[in-house]
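My questions will all concern the structure given below.
When a ligand or atom number is given, it counts from 1 through the structure's own listing order. When reading the values below, keep in mind they use all heavy atoms of this one structure, side chains included, and skip hydrogens, waters and symmetry mates.
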Amino acid sequence: MAGKLIIGNWKMNTRAQSAQSLVDALLEQPACDQPWVGVAAPAVYLAALGARLQGRSIRLAAQDVSAFASDGAYTGEISAAMLQDIGCAYVLVGHSERRQYFAENNPQLLAKMNNALAAGIVPVLCVGETLEQREQGDYLEVIYQQLAVLAEINAGEYLIAYEPVWAIGTGKVATLEQIAEIHSAIKTWCLQNAKPSASIRVLYGGSVKAENAESILMTDNVDGALVGGASLDAGSFRMICQAAGKLI
Ligand code: PGA
């Protein structure tokens, strides 16, 4: 799909009632009820929201998926097949918070990507450097190491989200020059190393807000946005979706 993609990442927020209200508020907005808009809700609410989104355009997304491929004795895990079963179109893989708090590594992330692809879900591989890595100057190397997972994938459609860790939830947005540099480097790396590299799409994430969405989305090689904090407010998220809608 051409145009910009917007995925809201609710992280560990909302309750059954507020999740429902948020989705209802988005469904009332023509700018949001679009096939290029997705919401990554907490796993426990996905089934209810999936039912609510039946027949509508907003896509359901999960925030994580198990690295185990099939059903079995894996207490607490949620498989790609389960996510597919309740209508998930996307799943985030390797968000920096998962890398930081759960020590997720490339072999696990490759398994997650492959499981999602096998279930027909589009995985969104999240990459990005910490402030320390940026200051040390080796941030491109860090990102290439994270992208290495893609060199092992043989087929299927996936997305990449570039999210500098220092810009997540901090209010510090990367400059448009920084975003353009990394997005272009990611696409070049993918063309050289990733197998199904026909249409590499890279979203930007990190303090995307109503006020900066349009300029970020207009930046070279930015194919959309992964929105954390601002996706919890229907009004802010609507304005971000509107900015994306203008650029079709
Ligand atoms: P943020 O989060 O928009 O709150 O910075 C982005 C993300 O972590 O996906």
(Q) Evaluate Ser207 for polar contact with ligand 1, using N/O atom pairs at a separation under 3.5 Å. (A)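 Ser207 vs ligand 1: N/O contact under 3.5 Å present.
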(Q) Does only the side chain of Ala167 get under 4.0 Å from ligand 1, or the backbone, or both, or neither? Count heavy atoms. (A)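 Within the 4.0 Å criterion, Ala167 contacts ligand 1 through backbone atoms alone.
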Q: Any chance you could measure Leu176, atom CG, to Tyr204, atom OH, to the nearest 0.5 Å?
A: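 Leu176 CG to Tyr204 OH: 9.5 Å, rounded to 0.5 Å.
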Q: Under 4.0 Å from a heavy atom of Asn9: give me the atoms of ligand 1 that qualify, with their elements.
A: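 By the 4.0 Å cutoff, the relevant atoms are 9 (O).
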Q: Output yes when the distance from some N or O of ligand 1 to some N or O of Gly169 is under 3.5 Å, and no in every other case.
A: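 Yes; at least one N/O pair falls below 3.5 Å.
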Q: Run the numbers for me: atoms of ligand 1, each under 4.0 Å from some heavy atom of His95, listed by number.
A: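 It comes down to these atoms of ligand 1: 7 (C), 8 (O), 9 (O).
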**Q.** Lys11 near ligand 1 by a heavy-atom separation under 4.0 Å
**A.**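 Right, Lys11 reaches ligand 1.
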Q.
Within the 3.5 Å criterion, strictly below it, is a donor on Gln178 or Tyr139 matched to an acceptor on the partner's side chain?
A.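 Note: Gln178 and Tyr139 side chains miss the donor-acceptor criterion.
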Q: Among all protein heavy atoms, pick out the one at the shortest distance from atom 9 (O) of ligand 1; state its residue, atom name and that distance to 0.1 Å.
A: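 I find the closest protein heavy atom is Glu163 OE2, 2.7 Å.
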**Q.** Gly206 heavy atom under 4.0 Å from ligand 1
**A.**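 Right, Gly206 reaches ligand 1.
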(Q) Side chains of Gln63 and Asn9, heavy atoms from C-beta outward: is any pair under 4.5 Å? (A)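 A side-chain contact under 4.5 Å exists here.
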Q. How about Ile179 and Asp220: do any of their side-chain heavy atoms sit closer than 4.5 Å?
A.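 A side-chain contact under 4.5 Å is absent here.
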Q | Minimum-distance protein heavy atom relative to atom 4 (O) of ligand 1 | A |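 Nearest neighbour among protein heavy atoms for atom 4 (O) of ligand 1, to 0.1 Å: Gly229 N, 2.8 Å.
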Q) Going by the order shown, which atoms of ligand 1 are within less than 4.0 Å of some heavy atom of Leu226? A)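 The list of qualifying atoms is 9 (O).
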(Q) Between Asn154 and Asn114, is there a side-chain heavy-atom distance shorter than 4.5 Å? (A)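 With C-beta onward as the side chain, the pair stays apart.
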Q. When you measure from atom 3 (O) of ligand 1 to every protein heavy atom, which one gives the shortest distance, and what is it?
A.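 Nearest neighbour among protein heavy atoms for atom 3 (O) of ligand 1, to 0.1 Å: Gly228 N, 2.8 Å.
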Q | Flag for Tyr162-Glu129: side-chain donor and acceptor within less than 3.5 Å | A |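 Their side chains do contain a donor-acceptor pair, which is all the 3.5 Å distance test asks for.
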Q. Can a donor-acceptor pair be found between the side chains of Trp166 and Glu132 at a distance below 3.5 Å?
A.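 Absent: no donor and acceptor within the cut-off.
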**Q.** Test item: Gln133 and Val165 side chains (from C-beta on) under 4.5 Å apart, heavy atoms
**A.**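 Not in contact.
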